Amino acid sequence: MTVPPFRNEPFTDFSDPGERRAFERALEKVRAAMGQRYPAVIGGELIYLDDVFPSVNPANPSEVIGYFPNGDADLAARAVEAAYEAFDFWKRVPYDVRARYLFKAAAIIRRRKHEFSAAMVLEVGKNWAEADADTAELIDALEYYGRQMLRYGPPQPLVPFPGREVEQRYIPLGVGAVISPWNFPAAIAGAMTAATLVTGNTAVFKPAEQAPYLGWLITEVFCEDLKLPPGVLNFVTGPGHIVGEAMVLHPKTRFIAFTGSKEVGIRIYENAAKVQPGQKWLKRAILEMGGKDAILVDETADLDAAAEGIVVSAFGFQGQKCSACSRAIIVEEVYDPLVERIVERTRQITVGPPEDPNNWMGPLIDQEAYDKVMTYIEIGHEEGRLILGGKPYQPNPTSGYFVEPTIFLDVDPHARIAQEEIFGPVLAVIRAKDFEEGLAIANATEYGLTGAVYSRDRLRLEKAREEFHVGNLYFNRKCTGALIGVEPFGGFNMSGTDSKAGGPDYLLLFLQAKVISEAL
Ligand code: NAD
């Protein structure tokens with residue numbers, strides 16, 4: 001198969017009035033379809049349940065995006081059985097045919113790009129640009145993993161040996177439980193699903209309870225538009241601790257592809273390790289978890305660039321990114337002038353329903369997230385000096401889960417707000433004596449996902465290159481926004497199993513190697 005070289009999907013230029021109008025039309029289209037009931041998809045069958053739960057707009061929770069099946073352990077088990085049955089067929093489908101499904105899915109989603117993004121604005125509260133980047137990342141994942149499969153599909157090179165004909169080929173694992181978070185409901189959910197399918201595995205895909213509609217849109221492309229054979233992709237919704245748990249524990253599940261919180265990741269790790277009656281393998285667990293990411297700034301840095309990078313990384317999508325900057329570590333010499341710039345830049349942030357493109361920050365995802373963030377703000381009052389924000393933000397006339405961008409100064413590196421993932425718009429600013437101390441503070445959490453250094457000192461950057469222990473390290477740029485293929489993504493320590501999603505090694509996690517040696 002001949003395919004053009006991979007190239008990242010460009011972001012939409014919303015200063016173009018034509019693009020703005022097209023996006024408004026997409027919002028109208030999504031809004032017009034709101035409030036419907038959606039099914040689970042198992043073995044190609046659409047299954048509607050009487051027991052449903054709503055997915056709501058976090059900027060205005062009285063608006064229901066759609067109603068989804070409130071699945072249980074039985075529904076999960078049916079889906080795993082269907083996927084298990086379909087595996088026997090799907091594993092024999094040639095790898096280039098499987099790659100073609102991904103290329104075609106990318107083409108369809110590219111045509112419906114604004115619709116996917118508009119759905120994210122309404123279902124999870126992303127602003128236009130953040131939603132557009134999420135959809136672009138999904139398209140990238142489809143294009144990139146399709147190409148990677150073309151690389152892994154043919155026999156792999158081995159050392160020739162006289163008198164033997166040898167071969168190493170990659171074969172799929174079996175049924176994958178794909179369990180995704182709500183914060184990248186297109187990119188992460190779709191990428192883990194695509195990696196599962198293209199490698200010849202079958203999937204039971206369970207999106208997060210807060211973003212089932214995006215999960216449905218992805219499923220619709222594969223199951224309805226592309227007519228993926230029944231059972232290859234199964235879609236179930238419902239509470240994670242019931243449906244997700246049953247998917248992980250099922251003896252016919254072969255591997256788990258999970259992205260989410262540390263707590264749930266650890267639970268899945270334990271559950272996956274228990275060998276169930278009738279289970280014939282050790283389950284593989286690909287677990288991408290949380291972060292407590294830091295940006296370190298020294299006295300040689302461009303302070304304007306550093307302030308911009310910190311603010312965008314801390315408050316972009318309301319701080320609800322695993323890669324968000326939640327700690328700004330600043331050396332003493334430039335602490336005051338940089339804090340002044342950070343505060344000044346944060347004051348310019350507009351908060352409100354993200355449907356309005358003038359609002360840069362939207363709501364938190366739900367009441368639970370709101371309560372958690374407000375609790376950490378209370379803790380922050382004990383642990384630091386509030387300089388900005390700290391209160392709910394209530395733009396009329398909605399009643400969404402809005403919180404002001406919040407900054408605490410002079411936070412102790414061991415304080416709870418400097419150690420625990422808050423997953424909201426709360427920045428802890430920490431003072432360091434010098435670069436060396438700053439680097440030690442940066443490394444002193446249980447996480448290791450992203451980090452950034454702003455400095456003009458080459459030797460310090462080189463030291464950070466060696467010693468800043470994070471999976472994704474950035475110099476003189478923000479610590480969010482990794483691009484597929486360019487900056488493969490995944491963290492160390494309690495941030496997960498370092499899967500490096502969007503990288504050349506990622507598909508190997510979904511494959512096993514078989515070696516065949518024939519005497520001549
Ligand atoms: P979460 O852990 O609450 O939920 C993630 C998924 O797990 C959901 O689909 C949920 O239903 C399911 N789940 C819950 N309990 C389960 C159980 N017992 N067994 C199986 N599945 C279960 O996370 P979230 O709130 O959706 O997402 C936010 C978290 O994800 C943050 O911690 C963030 O840092 C992390 N995250 C990490 C990355 C990364 O690449 N490292 C990317 C995005 C988000």
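Whatever order the structure lists ligands and atoms in, that order sets their numbers, starting from 1. Quick caveat, the model's predicted, so the values are computed rather than measured.
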Answer yes or no for S180: is there a heavy-atom contact with ligand 1 below 4.0 Å?
yes
What residue and atom, counting heavy atoms only, is the protein's closest point to atom 26 (O) of ligand 1, and at what distance?
W182 CD1, 3.1 Å
Number the atoms of ligand 1 from 1 as they appear, then name those within less than 4.0 Å of a heavy atom of I179, with their elements.
6 (C), 7 (O), 9 (O), 12 (C), 20 (C), 21 (N)
Within reach of ligand 1, part of M289 (heavy-atom separation under 4.0 Å)
backbone
Subset of ligand 1 atoms that lie under 4.0 Å from at least one heavy atom of E288:
39 (C), 40 (O), 41 (N)
Where on N271 is there a heavy atom closer than 4.0 Å to ligand 1, on the side chain, on the backbone, on both, or on neither?
neither
S62 and N60: side chain donor to acceptor below 3.5 Å
yes
Between K262 and ligand 1, is there a nitrogen or oxygen pair with a distance under 3.5 Å?
no
Out of all atoms in ligand 1, which are within 4.0 Å of some heavy atom of N183? Include the element for each.
43 (C), 44 (C)
Hey, does the Lys NZ or Arg CZ of K126 hover above the aromatic six-ring of F184, less than 6.0 Å from the centre and inside 45° of the axis?
yes
Could you list the atoms of ligand 1 found under 4.0 angstrom from a heavy atom of E209?
10 (C), 11 (O)
Output yes when a side-chain donor or acceptor of N57 lies under 3.5 Å from a complementary backbone atom of E123, and no otherwise.
no
Quick test: of every protein heavy atom, which one is nearest to atom 2 (O) of ligand 1, and how far off is it to 0.1 Å?
S261 OG, 2.6 Å
Between V243 and ligand 1, which part of the residue brings a heavy atom under 4.0 Å of the ligand: side chain, backbone, both or neither?
neither
Nearest heavy atom to atom 35 (C) of ligand 1, choosing from G260, G496, G290, P181, belongs to G260
Option passing side-chain contact (heavy atoms from CB on, under 4.5 Å) with I330 (candidates L296, I430, I295, I342):
I342
May I ask which of A211, G240, P207, G238 has a heavy atom nearer to atom 22 (C) of ligand 1 than the others do?
G240
Looking at atom 4 (O) of ligand 1, tell me if a protein heavy atom falls under 4.0 Å from it.
no
Side chains of Y474 and E487 only: does a donor on one sit below 3.5 Å from an acceptor on the other?
no
